[in-house]
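First listed ligand is number 1; within each ligand, the first listed atom is number 1. These values consider heavy atoms only, across backbone and side chains, with no hydrogens, waters or symmetry-generated copies. Note that this is a predicted model, so its numbers are computed, not measured.
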Amino acid sequence: MRDRNKIVIFDTTLRDGEQSPGFSMNIEEKLIFAEQLARLGVDVIEAGFPVISEGDFESVQKISERVRGVSVAGLARANNVDIDAAARAVEKAERPRIHTFISSSDIHIEHQLKKTREEVLEMAVAAVRRAKKHVDDVEFSPMDATRSDLKYLASMVQAVIAAGATTVNIPDTVGYTIPSEFHRIVKYLFDNVPGIDDAVISVHCHNDLGLAVANSLAAVEAGARQIECTINGIGERAGNTAMEEIVMGIRTRSDILRVHTGIHTEQIMPTSKLLTRITGVSVQPNKAIVGANAFAHESGIHQDGVLKNAMTYEIMRPEDIGIKKSLLVLGKHSGRHAILDRLKSLGFELSKEEMDRFFKLYKSLADKKKQIFDEDLMALISESMYREEEKRRYRVENIQVSTGMQSPPMTMVILKDRFSDKDSLVEVARGSGGVDAGITAVKKITGSEAKLVSFNLVAITGGSDALSEVSAEVTETVNGEEFKVFGNGIHIDITIAGILCFVDALNKLEYRKGLHKMNEQVKNVAL
Ligand code: KIV
Ligand code: ZN
């Protein structure tokens, strides 16, 4: 029996989010993120678009094999090749889903598909039937639904449900609709589609007018019971419905909405931070729920009220989304037990391998920093979740920076190259600053021609002994092909964090180039 008041949370960070510029992730990163989504309690992970590339296929396949307790969906256009590829990719999932789509608006049908409405309707039904041969759980989306003729849209929804679709998703593909209108569209479908109760009605909103969350809530009020969303609201153009906003909206205003989700909300902040760390793109400070200022009260009147009773100016508790105040301060002398306890209360249970890496990083930080805050722990956790460490080509053995107001900055870097017989490689270089000198030294060692496109500094904790996190966009062009990656570096010293970040980017570039070469070889064999 379906719980009629439960909102199914369908996360598309790894598909709609990942396909947008600046958010691409490698397979290892997608796996780490998918595992965190499962911990967060999402119902469905849309893991990718398998037919699009070897990399997408492999990541959907790996997520299906390894991540338990969730449905894993693969996206497919309404044709046999796409659907069969999606079916193969999700085959090993505990709960496999195929999500197939075709446009329903006349603008798309005439100008993009160059077909008639009747032909498109037939393709939609055939796609659902094909997917149904592979899996029970089939989702169908009439793309650009909000700009479609309502009667035609209703006939398509009816036909795909009759063909076996278990979820029908109504996308506002171009972020055009407004809440009252979207409410009317969803209600119209409930009032006019016979058999609509046999499927879950879902919504997928884009944020071009900043209305994605509001539109999704309006659809819930009209009867929708699945919401497609992404962490931090990433996605095509202005993004998708932000998961943290929709989930906290539903929870905070359950008095009016009278629905619930299965999300473990205290995992929201760790998930948001993990995404930031993987992609190198931070959220703006005033971002609802997960922005740095979302729970910071600056005005004296507000501070006074919050101190007397938090409910005066806080509609949610910071701890509900995973911002917890430390009860005990951790440091150099803290025992393993206390640290593990703290990690557990932050919602993290690390594997033995991750734990070993975590404690190595913790020890090195605690030697330099007196007090370790939750933010520090969270940064170390995401660092220790990187299992690809042993696969990295370059490892930094030492960095020595010398700089002053009167003397030109000079940096010495010692690297270990997995492909070199030499124990370690040393270079010293000058530059306009310590980071610049360090990057020059790294380039001299590696012979890399990578370019630093942007450099972003985030001080994770307050105080002069803050742990610094640096993220940078780095590109390299090889045989006319441009590779772009985000590097990350964490260290108590800003300059060293910057240089670590550049080396991390070089490792990611090596990985990307290797993957690309492999794909080319596979293609050549196939030809
Ligand atoms: O925005 C959109 O219409 C989509 C579909 C594939 C659901 O992403
Ligand atoms: Zn979309």
Do [Y] and [X] meet the salt-bridge criterion of a basic N to acidic O distance under 4.0 Å?
X: D504; Y: K508; answer: yes
X: D3; Y: R225; answer: no
X: E245; Y: K287; answer: yes

task = For the pair R15 and D56, evaluate salt bridge (charged side-chain N to carboxylate O under 4.0 Å, His left out) and give the outcome as yes or no after the intermediate values.
result = CA-CA 9 Å; R15 200 278 299 167; D56 247 51; over 6 Å; no
query = Where is the tightest heavy-atom contact between M156 and S103, given as atom of each residue plus distance?
reply =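 Closest heavy-atom pair between M156 and S103: CE-O, 4.1 Å.
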Neighbour count >12 (heavy atoms, 6.0 Å) for atom CG, D136 =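 No, the 6.0 Å shell around CG holds no more than 12 heavy atoms from other groups.
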query = What N/O/S atom of D16 is the closest to the Zn ion (ligand 2)?
reply =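 Relative to the Zn ion (ligand 2), the closest nitrogen, oxygen or sulfur of D16 carries the name OD2.
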message = Only N/O/S atoms count here: what is the atom of H206 closest to the Zn ion (ligand 2) called?
response =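 Closest N, O or S atom of H206 to the Zn ion (ligand 2): NE2.
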Are any protein N/O atoms closer than 3.5 Å to the N/O atoms of ligand 1? If there are, list each pair with names and the distance to one decimal place.
from	atom 1	to	atom 2	distance (Å)
ligand 1	1 (O)	H204	NE2	3.2
ligand 1	1 (O)	H206	NE2	3.0
ligand 1	3 (O)	T173	OG1	2.6
ligand 1	8 (O)	R15	NH1	3.4
ligand 1	8 (O)	R15	NH2	2.9
ligand 1	8 (O)	D16	OD2	3.1
ligand 1	8 (O)	H204	NE2	3.1

ask   = Have H260 and S254 got a donor and an acceptor in their side chains that come within less than 3.5 Å?
value =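 No, S254 and H260 have no side-chain donor paired with an acceptor closer than 3.5 Å.
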